[in-house]
Trainee: 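Pasting in a structure now, in structure tokens, and then I'll have a few things to ask.
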Amino acid sequence: MTEPRLIRFLLVEDDDAHAAIMIRSLEQNRVVNQVDRVCDGEEAMNYLRSPDHPRPDVVLLDLNLPKIDGHEVIALVKGDPQLQTIPI
């Protein structure tokens with residue numbers, strides 16, 4: 001039997017309480033995962049574009065973010081050929 005594949009999430013959430021709820025929900029639903037977190041849209045884009053960070057399988061994105069809002073993050077990701085296949 002093969003082991004479940006690790007799912008890597010990038011959680012983009014500026015509110016600590018909301019981030020904790022999301023992480024707890026993933027854990028309670030037994031999602032095998034790794035969750036990396038950033039707190040604003042600018043950090044999200046820096047993370048996604050950095051060769052030093054692993055590519056997430058899924059981005060969980062708050063729309064109301066400081067610096068670059070979630071709608072703009074979506075537009076930037078979907079407009080970038082290197083990133084556009086990542087589900088948000």
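If you're wondering where the values come from, they're calculated on a predicted model, not measured in any experiment. All values below were derived from every heavy atom in this structure, side-chain atoms included, with hydrogens, water molecules and symmetry-related copies excluded.
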Trainee: Let me confirm one number: the CG-CZ distance from Leu76 to Arg49, rounded to the nearest 0.5 Å.
Mentor: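 It comes to 5.5 Å.
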Trainee: So which heavy atom on Leu61 is nearest to which on Gly70, and how close?
Mentor: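 Leu61 and Gly70 have their closest heavy atoms at CD2-O, 3.4 Å.
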Trainee: Under 4.5 Å between side-chain heavy atoms, counting indirect links through other Ile/Leu/Val/Met/Phe/Trp/Tyr residues: same cluster for Leu60 and Leu63 or not?
Mentor: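 Leu60 does not cluster with Leu63.
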Trainee: Answer yes if Val58 and Leu26 sit in the same cluster of Ile, Leu, Val, Met, Phe, Trp and Tyr residues linked by side chain heavy atoms under 4.5 Å apart, and no otherwise.
Mentor: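 Shared cluster, yes.
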Trainee: Are Phe9 and Val38 connected in the hydrophobic side-chain network, where two residues link if heavy atoms are under 4.5 Å apart?
Mentor: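 The answer is no; the residues belong to distinct hydrophobic clusters.
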Trainee: Going hydrophobic residue to hydrophobic residue with side-chain gaps under 4.5 angstrom, can you get from Leu11 over to Val77?
Mentor: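 No, because Leu11 and Val77 fall into different hydrophobic clusters, even though each may have its own neighbours under 4.5 Å.
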Trainee: Side-chain donor-acceptor pairs under 3.5 Å in residues 78-86, sequence neighbours left out?
Mentor:
unit_1 : atom_1 : unit_2 : atom_2 : d
Lys78  : NZ     : Gln84  : O      : 2.9
Lys78  : NZ     : Ile86  : O      : 2.8
Asp80  : OD1    : Gln82  : N      : 2.8
Gln84  : NE2    : Lys78  : O      : 3.1

Trainee: What salt bridge (Lys or Arg N to Asp or Glu O under 4.0 Å) pairs are there with at least one residue in residues 53-70, not counting sequence neighbours?
Mentor: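 Sorted pair list: Arg5-Asp57, Asp40-Lys67.
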Trainee: Among Ile88, Ile74, Val73, find the residue that satisfies the side chain to side chain contact (heavy atoms under 4.5 Å, CB included) test when tested with Val59.
Mentor: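 Running side chain to side chain contact (heavy atoms under 4.5 Å, CB included) over Ile88, Ile74, Val73 with Val59 returns exactly one hit, Ile88.
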Trainee: What's the shortest heavy-atom distance between Pro56 and Leu48, and which atoms?
Mentor: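 Taking every non-hydrogen atom into account, CG-CD2, 3.6 Å.
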Trainee: With sequence neighbours excluded, what pairs up with Asp16 under the side chain to side chain donor-acceptor pair (under 3.5 Å) test?
Mentor: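 Asp16 satisfies side chain to side chain donor-acceptor pair (under 3.5 Å) with Arg37 once adjacent residues are dropped.
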Trainee: Which pairs, with at least one residue in residues 51-88 and sequence neighbours excluded, count as a ring-ring contact (aromatic ring centres under 6.0 Å, His included)?
Mentor: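 Residue pairs passing ring-ring contact (aromatic ring centres under 6.0 Å, His included), neighbours aside: Tyr47-His53.
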Trainee: Using a 4.5 Å cut-off on heavy atoms from C-beta on, say whether the side chain of Glu43 contacts that of Ile68.
Mentor: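 In short, these two side chains do not touch, never coming nearer than 4.5 Å.
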Trainee: Grab the two heavy atoms, one from Asp15 and one from His18, that are nearest each other, plus how far apart they are.
Mentor: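 So the minimum-distance heavy-atom pair works out to OD1-N, 2.9 Å.
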Trainee: Can you tell me how far the CG atom of Asn33 sits from the CG atom of Leu6, to the nearest 0.5 Å?
Mentor: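 Answer for the CG-CG pair, Asn33 versus Leu6, is 7.0 Å.
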